Each structure stands twice: as C-alpha cells, then as structure tokens.
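Remember, predicted model here, so these are calculated numbers, not experimental data.
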Amino acid sequence: KESAPKNRPKYKNTDEETEETEETEQNNEKSDDLREYQKNAIEKWERKGCKGILEHATGSGKTFTALNAIKNAFEKNNPFVVIGVPYRLLAWQWSEECENFFNKLDLDYRIVNCWSDNNSWEREARQAFLDKKTSSIVDKKTLIIFIVVNKTLNENFNSLVIDSEELDLDQTLFIGDECHNYSSTFVEGTLPNFAYRLGLSATPVNNHEELRGGEEKMLDYFGGVIDTYTIGDALKDPEGPYLTPYEYFPILCDLSEEDFDKWHEDYKKSGWGSEDSTNDKKRQAIFRRMNLVLSSMDSKIKNLEKLCKENYSERKYSLVFSGEGTKEGYERNISRAGKILKSQNWSFSSIVSENNEISQNQKQRIDIIKNFKEANIDAISAIKILDEGIDVPSIRTAYILASSNNRRQFVQRRGRVLRLSDNKSRAKIYDFVINPPKSRRGETGIDKIYENELKRIEELSEDALNRKDIEEFIKSYKL
C-alpha cells in the first residue's frame, strides 16, 4: 500500500518503449502530511476508543494512515503494536514501510519480523521486551512493533509473545491488514483480546446486506466499519485525484459447447453459489471445477495473444491475472499465458507459490517485483498472490483472464492498477468476459453466467472514463 505523496505526480509520455521510471514515492519527496480523509479517519478511530475498520479503496494510503495512528498512540500511551498480515510478501512490505516512516521521526523503535524467513525472530522478540523494560526504567519510551503473518499468529506467536508476561494486552494495539481474512479465524476460534484494534480492508465483507461465515464476528471484534473511502471518492476528491483515472475494456470470449457442457454437469450438482459461500468440502470441489472450466477457456488465450500483438508498444508495466489450475490435456493456465507473452516477445516473470517449472522463495518474488519496478521486465504473470495489498504503483495495464465471481477478488484486482505513479496518466483494464454458446441458451444455469459477468462488469466499470461505452456493451451483451 502506498504512503501518501504530497503532490500529484507529473505525468510522462506512456508510449515510450524505453521508458524507465521509479515509483512516485522514490521520485518525489515523501510528505509527512496526512490527506484530509486520512485525518478524519484517524480522528473517528480515536473517538471510537481506538477501535474500528477503515474500508478505504485499494491504493488510497491505508498503510500511511495506520502508521500515523501508531505514531499518535505512541505519543499518548506507548502501547505494544502487533501488525497481522495474510502472507510473507505483504509482511516484508510492511516492515519496509515501518522503517521508512519511523526513521524520519525522533523516537526509539524496534521492529520484530515474525515469520519463517526470519529464523531469529523469537530471540529478537525477547530482546525487544528487554529493551522496552530498560527504557521505562530510565523514563524513556521505546516503540515495539511485531509484524506477524497470520499463520504464525495462530501458532508460535501466541505461545511465545501473546502469552508472555511481558506483553500486556491492555496496552497493545493490533492492526489487522486485509482484515477480511480474519473472518475464517472466527469460524472456528477467535483472536487475542487486544485493547486497541484497527482493521484495514478495501472489502471487509463481500456484501454488507448478507454477512457470511465469520464476517459478523470479525466486524464485531474490530468495532465495525467506522469510515469508508471508495475508488469513486479517490478519483473525484477535490484535493486529488488520489487514484489514477482508468479505462475498462470488456473482451468477449466465446465459451465452447464442450466447455459449457462440462461446466453445466457440475452446475447441476452444485446447488449454485461459490466456493467461499460454503464450508462443504464436496461443494467447494465442485465450484473449483466449474471455475477451472471458465478460467481455462481457449478463447481467452487466443484473445490474450491478439491483445499482446496490438498492445506491444504499451507492454511495459503490465500485469496478467491468470486462472488457477490446469485444463485437462494442457499445461497450467499461468504457463499457457506465459507462452503467449514469450511468443509475442514480451519479457516477463511469473509470481506463484509453486508451478511445474519453479518453486519460488520470498527473495525471488521480491527480486521479480524489483525488476518490474525498474522496467527490466515488461510484465508480471500471477494468479492470486498479487490480489491483496502489494504495492506496485507503476502497474498501468491489467489483463484479467480469471473470471471470478468473488467481488473481493475483482475489486482488489482493479485496485492493483489504479495507484498513482509518475509513469502513467491513465490506467487500462482488460477484462476477459465469458460469452456462453447461443446453442445452449435454453439450458439451466446459463443465466447465472450472465449474472456473474454483468455484476463484475458493472462494478469494474463504475468509475471508468469510458463508462458510456460500457453501458452500450452491457445493453448488447446478453442479446
């Protein structure tokens, strides 16, 4: 998540093939000033007893807001701080952001990175407790920040830190980044009773009218949504815009009769819904198979090839979201997309947890992102790992091959391309939309495909510069 730059970026020509730019926060002097909506959010949070969720758009500076909330809390009562994140790549980013922010301030601080890549975190945690105790003896204040991946939070961290006599939960601030992930925690358990709680998420719940699973408990735990700042707000803010204006292009992809029939067989068994709407493992498996059919369509690969040819001069800073899994008789979907990029002379790297060719560690993923930021490669191909929180403002074009009906997923993906950066005056999103076969129009379930696609089209195009064109597309889509 980006810190808040004081000034809007000065835009450059986006058509130069040789263009190499740094991120906004590297080019411009970072501002220590909060934007007005960030100030208001912190004030609301403090009035609520330092509890609540900020439902702020991806790219609008939630991390910077949270860091300022930590600073305020430190000045008032110097609590311990625990920052929970869903995975290591985001933990690494938080660690860097904390260092950059607190290095500018005249205070003593320690950051303890509590995840598997840091083998010494347990020793560092014990030393941090000792440093804080020593500081208090001589009437000084030391800020202690634990950054912990959720898996560690649920395991070692509880016994080694939370249950420690040194940590007073009544004097601890917990920041849950991408806090919607804790909904699953509350299905089977709970979180420690931290006195102060700040949740951050662009989509804390999928639908405020229909709370699912542990969503209600998660909301109650953090203190509910206390402030909302949407993509539309960021684009239309009189002091902004604080996100990049964008164009949205739905790319019609024909679903073959054969693929529809495979999808339809599982649809009849599914009872409808989605994988994340049920805890039934058999139904989840059915939904995964249905999603695999729609994400693996041959027409999507063909349309990607066509766009790679057409957009060759604008290939820099592109992100390709591939579908999960492997179509029967083919390579993994991410590998199929990679072959297309390579055939069109796009230089790229894939960010995955594991695939047939490679098994990546954290350093390799970080190096890929660094190469992308420095324009050493044209594109990144990814599945889910860049869905949440990762700060790569230079992305200016997104190709969404995975046809998700998960609102959170496609909202987060739009956010990946809208962050402010010197290298773009506008962003582009290409959404690969399913076009069911006309010969199957009378079959049950086909309306559900249209319904899901239209929901995504409506939401992703809501604030687009070319919204009127999309309205015409929507009118003709189902016809």
Side-chain angles (χ1 to χ4, degrees), residues 1-31 58-64 85 87-101 103 117 242-244 246 311 313-322 334 338 341 346-352 358 360-399 412-429:
K1 297 185 176 67
E2 72 175 326
S3 301
K6 184 174 183 179
N7 300 315
R8 296 187 329 209
K10 296 176 182 177
Y11 298 127
K12 300 179 180 180
N13 177 5
T14 62
D15 294 324
E16 296 178 10
E17 290 188 29
T18 58
E19 172 189 10
E20 293 188 15
T21 65
E22 297 291 332
E23 306 304 340
T24 299
E25 62 262 34
Q26 294 170 332
N27 277 347
N28 299 330
E29 183 179 343
K30 266 191 178 178
S31 170
T58 298
S60 61
K62 293 189 289 295
T63 299
F64 188 71
V85 300
Y87 43 80
R88 290 177 295 165
L89 197 57
L90 191 50
W92 162 77
Q93 184 174 288
W94 264 98
S95 185
E96 281 205 333
E97 290 283 353
C98 285
E99 283 195 27
N100 292 337
F101 183 85
N103 275 341
D117 288 338
Y242 292 125
L243 289 176
T244 305
Y246 71 100
N311 296 346
S313 64
E314 300 177 358
R315 67 193 182 279
K316 291 287 185 185
Y317 305 110
S318 294
L319 179 57
V320 178
F321 283 108
S322 298
I334 193 169
L341 296 175
W346 287 40
S347 60
F348 76 99
S349 294
S350 297
I351 291 189
V352 291
I358 56 174
Q360 289 175 328
N361 59 37
Q362 189 71 355
K363 182 180 182 302
Q364 288 171 320
R365 294 188 192 118
I366 292 168
D367 286 344
I368 288 171
I369 290 175
K370 182 173 181 289
N371 281 329
F372 181 83
K373 288 180 176 180
E374 294 174 355
N376 295 325
I377 56 176
D378 299 327
I380 289 178
S381 179
I383 301 177
K384 280 186 175 180
I385 199 163
L386 291 184
D387 277 4
E388 297 179 357
I390 304 302
D391 181 13
V392 190
S394 53
I395 297 168
R396 65 185 179 208
T397 308
Y399 298 87
Q412 294 275 7
R413 287 173 177 177
R414 173 173 55 162
R416 295 281 73 77
V417 75
L418 300 188
R419 296 175 188 274
L420 294 178
S421 180
D422 282 348
N423 74 312
K424 61 190 180 190
S425 58
R426 67 177 58 186
K428 294 181 179 180
I429 298 171

State which residues pass side-chain contact (heavy atoms from CB on, under 4.5 Å) with Lys370; sequence neighbours excluded, sorted by chain then number. Glu374
Interatomic distance, CZ@Phe101 vs CD@Glu96, rounded to 0.5 Å, equals 16.0 Å
Closest non-hydrogen atom pair between Ser381 and Phe348, with its separation: CB-CD1, 4.4 Å
Does Glu314 come within less than 4.0 Å of Lys428, counting only side-chain N to carboxylate O? yes
Can you give me the closest heavy-atom contact between Tyr317 and Phe372, atom names plus distance? CA-CZ, 3.3 Å
Rounded distance [0.5 Å steps], CZ in Arg414 versus CD in Gln412: 11.0 Å
Ser60 and Leu243: which non-hydrogen atoms are nearest, and at how many Å? N-CD2, 4.3 Å
Going by side-chain hydrogen bond (donor to acceptor under 3.5 Å, both in side chains), name the residues that satisfy it together with Asp117, two or more places apart in sequence or in a different chain. Arg88
With a 4.5 Å cut-off on side-chain heavy atoms, are Ile369 and Arg365 touching? no
Side-chain contact test, heavy atoms from C-beta onward, threshold under 4.5 Å: evaluate it for Tyr399 versus Asn311 and give yes or no. yes
Under 6.0 Å from the six-membered ring centre of Phe321 and within 45° of its axis: does the NZ or CZ of Arg413 meet both? yes
Do Asp378 and Ser347 meet the criterion of a side-chain donor-acceptor pair at a distance under 3.5 Å? yes
Would you say the side chain of Thr244 lies within less than 4.5 Å of the side chain of Arg396, judging by non-hydrogen atoms? no
May I ask you to check whether Glu97 and Thr63 show a side-chain donor-acceptor distance below 3.5 Å? no
With sequence neighbours left out, what residues match Ser349 under side-chain contact (heavy atoms from CB on, under 4.5 Å)? Ile368, Ile377
Which pair of non-hydrogen atoms, one from Lys373 and one from Val392, has the smallest distance, and what is that distance? CG-CG1, 4.1 Å
Only counting residues at least two apart or in another chain, list the ones meeting side-chain contact (heavy atoms from CB on, under 4.5 Å) with Glu99. Ser95, Asn103, Tyr109, Ile111
Give, for atom CG of Leu341 and atom CD1 of Ile380, the distance between the pair rounded to the nearest 0.5 Å. 11.5 Å
Just verifying a value: how many Å separate Leu89 CG and Ile351 CD1, rounded to the nearest 0.5 Å? 6.5 Å
Checking Ala398 now: which residues fulfil side-chain contact (heavy atoms from CB on, under 4.5 Å) with it, not counting sequence neighbours? Val417
